[in-house]
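Working notes, beginning with the structure itself.
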Amino acid sequence: SCTQWWCFLYKCLLAVLVFSDDWDIYSFHINSTVTSRYATTVITSRVANRMNESKEIEFHVRIPKNAFISKFRMFINGQVYDGVVKAKEQAQKQYTEAVSRGESAGLVSSVGRTLEEFRTSVTVAAHKKVTFELTYEELMKRMHGKYELQIHARPMQPVRDFKVTVDVYIHEEAGISFIDSFSIYQESKELNSFCLQAWIYFYPTADQQKTCDSCGEQGMNGDLVIVYDVNRDNGLGHIMKSAGYFVHHFAPSNLPRIPKNVVFLIDQSVSMHGKKIQQTRTALIHILNDLAEDDHFGLITFDGNIFHWKQELVQANSKNLESAKKFARNIQDRGSTNINQAVLQGASMLNVHHREGSASILILLTDGDPTSGETNLEKIQSNVKQAIAGKFPLYCLGFGFDVNFEFLEKMSLQNNGVARRIYEDSDADLQLKGFYEEVATPLLTDVTMIYVGGTNLTQTNFSQYYNGSEIVVAGQITDNDIETFIPEVSNRRVIFSNTNDSVESTGTVADDRIQRVWAHLTVKQLLDEQLRLSGPKKEKVKKEILELSLKYSFVTPLTSMVVTKPPGENTDVLHKPKEGETQRQWSSVSPSGSRKHTASRTRSGSQSGE
Ligand SMILES: *[C@@H]1O[C@H](CO)[C@@H](O)[C@H](O)[C@H]1NC(C)=O
Ligand SMILES: *[C@@H]1O[C@H](CO)[C@@H](O)[C@H](O)[C@H]1NC(C)=O
Ligand SMILES: *[C@@H]1O[C@H](CO)[C@@H](O)[C@H](O)[C@H]1NC(C)=O
Ligand SMILES: *[C@@H]1O[C@H](CO)[C@@H](O)[C@H](O)[C@H]1NC(C)=O
Ligand SMILES: *[C@@H]1O[C@H](CO)[C@@H](O)[C@H](O)[C@H]1NC(C)=O
Ligand SMILES: *[C@@H]1O[C@H](CO)[C@@H](O)[C@H](O)[C@H]1NC(C)=O
């Protein structure tokens, strides 16, 4: 990824700077425990200053974007320095003061598709040691029929010999149906799997670590990737309870698929020129090939104008598919971007073509902001909301970094969908296809999760449930009374209930983990909700997020972690970056910038090289 001369030079410079520091990471351990698809990971790095004088020692690691940091501590000279989670505005004030005093402040920045970087530093006296300990928590999301845990098992600075060890413990009361792990150094990992538990350890030798400078590029997002799934009873699913809280995982897979009505809205504005339009064509043809015969579909391309392949939805029979593929092969880039008109036309096609017992889906692919027709973002959002009227989900795929992702995200969330970023890369067609596969097999529509005797529930209504995904609901059990707690899942045609109250499908854990799952999921959903809202309602939700984040010590977009250090040293303030933030920042730094490069740092003080 580092083919530019300036990038090479930068790396050399960095290496020289760091290697001239005589400090050793003598132990680097990652300990991850997963219970009920909730992973708590602790990174512990022990560093010694071998010099006769005090040195600034850095801690720099990568964590998944999806996670919330919940704890950071440093141990120096028998003293513990705890990071404190504070309201972002309050911390920001501290940060600004630190900057104006010429002190440096730390930052969490986002890198690539799935990772964020955390960095901070501390001055350590001659011949003394420091231990850094970072904890983050994430709720694993089932996609394509599996959960995936990624561990980035390296400190980000070039260092001498040190020992990396990773231990991952998985405990799933429902039983593990399959598990596999991949590492960049195959021979260094070991998988021990039993019915309910698995232990994976990853102990690469110093030699393996050295020979693997760019292993991360080999199609893997983490140094250690663990994929697994759990057993399913195909009934009500699995409910875990503890200390008055519950979490319910619902993912039946033995249901028949529901035929779908799907309309694809494809941006063909000039900005799609070249590789992007080519990859879009490839993906579209793959997707068309995957449609089932009882699916109906429509295809609209748009720039400043709207082009219907067919005025209405047609059945996915081979004749129609051939004709659609021919149309797809001939999509050319030209003109501006009329998102408003395209989405309204797509919605109207689906509204006209309503079929009882089928699932309608609208998918928008765009790489830019609206530039023609209606361009007022709020107006577009309200038009779209009105046209869709909650009848089907809208999925927005933002191609590259020139899209206003927040706009797409808001529009999707307002219409029961999600937005996804498609990274401009050689595998963009696979990303598009991968997204489509997530929604390719609807199994249920209009699912309502009912919990008599439950309170403070996370989202309970879901417009569609797709094979390979999962519905997760958490909440409190009123008065912790299990007797009166009755979960049920229903839609217009099926009811799942647990009349047998089978012990198999329920479990209990001793600690407060289920409560943290509830808090995590609640905060995630409230963050989406505040995106969708405005005015006093938004403020109310933000207040709720802030309270929960502070209570459970989560670093979220509304909170920051303040890292205090020994007297006389800078205070670091760590923020969670917004999606796409550093990428934008970076591209303003270097016109030919490669996005894979380590994200730029926003540090004041005497940093050089960026
Ligand atoms: C990993 O963390 C778990 C849970 O906190 C703990 O029980 C276990 O001892 C830790 N393992 C190691 C090797 O530190
Ligand atoms: C540290 O100090 C000792 C004693 O003063 C000296 O012998 C040694 O060479 C010094 N080491 C370094 C790395 O400067
Ligand atoms: C759903 O996925 C499972 C495997 O994950 C598969 O066995 C099943 O056939 C799928 N159902 C449908 C309707 O495609
Ligand atoms: C849970 O719900 C009760 C009312 O049902 C409410 O009084 C309480 O504040 C809620 N707790 C949280 C943490 O939201
Ligand atoms: C969820 O769906 C049920 C049944 O369709 C409906 O009665 C209820 O109002 C919905 N709740 C929310 C919060 O939308
Ligand atoms: C309830 O138990 C009966 C008999 O053991 C079994 O056939 C049935 O599938 C069970 N139902 C559920 C929902 O678990």
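Order of appearance sets the numbers: ligands from 1, and atoms from 1 within every ligand.
- Taking 4.0 Å as the cut-off between side-chain N and carboxylate O, E148 and K146 do not count as a salt-bridged pair.
- Looking from atom 13 (C) of ligand 1 to the surrounding protein, the closest heavy atom is H29 CE1, 3.7 Å.
- The ligand atoms of ligand 3 that sit less than 4.0 angstrom from a heavy atom of L255 are 13 (C).
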Next item on the list: Give the C-alpha distance, both sets of side-chain angles, the deciding distance and a yes or no for side-chain contact (heavy atoms from CB on, under 4.5 Å) between W309 and V314.
Entry: CA-CA 10 Å; W309 163 63; V314 299; 3.6 Å; yes
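- The protein atom (non-hydrogen) at minimum distance from atom 12 (C) of ligand 3 is N467 ND2, 3.4 Å.
- Between R257 and ligand 3, no N or O atom pair is found at a separation short of 3.5 Å.
- Listed by number with element, the atoms of ligand 1 under 4.0 angstrom from any heavy atom of N31 are 1 (C), 2 (O), 3 (C), 8 (C), 10 (C), 11 (N), 12 (C), 14 (O).
- Heavy atoms only, all atoms of each residue included: L149 and E138 are closest at CD1-OE2, 3.6 Å.
- Atom 4 (C) of ligand 1 has T33 CG2, 3.9 Å as its closest protein atom, hydrogens excluded (heavy atom only).
- Shown are R516, Q515, E547, E137; of these, the side chain to side chain donor-acceptor pair (under 3.5 Å) with Y552 is made only by Q515.
- With F68 as the aromatic partner, K524 meets the cation-pi criteria of under 6.0 angstrom to the ring centre and within 45 degrees of the ring axis.
- Within the 4.0 angstrom cut-off, atom 7 (O) of ligand 1 has no protein heavy-atom neighbours.
- When distances from atom 2 (O) of ligand 3 to the protein are checked, a heavy atom turns up under 4.0 Å.
- Between N254 and ligand 3 there is no heavy-atom distance shorter than 4.0 Å.
- Ring-centre distance between Y136 and F118: not below the 6.0 Å cut-off.
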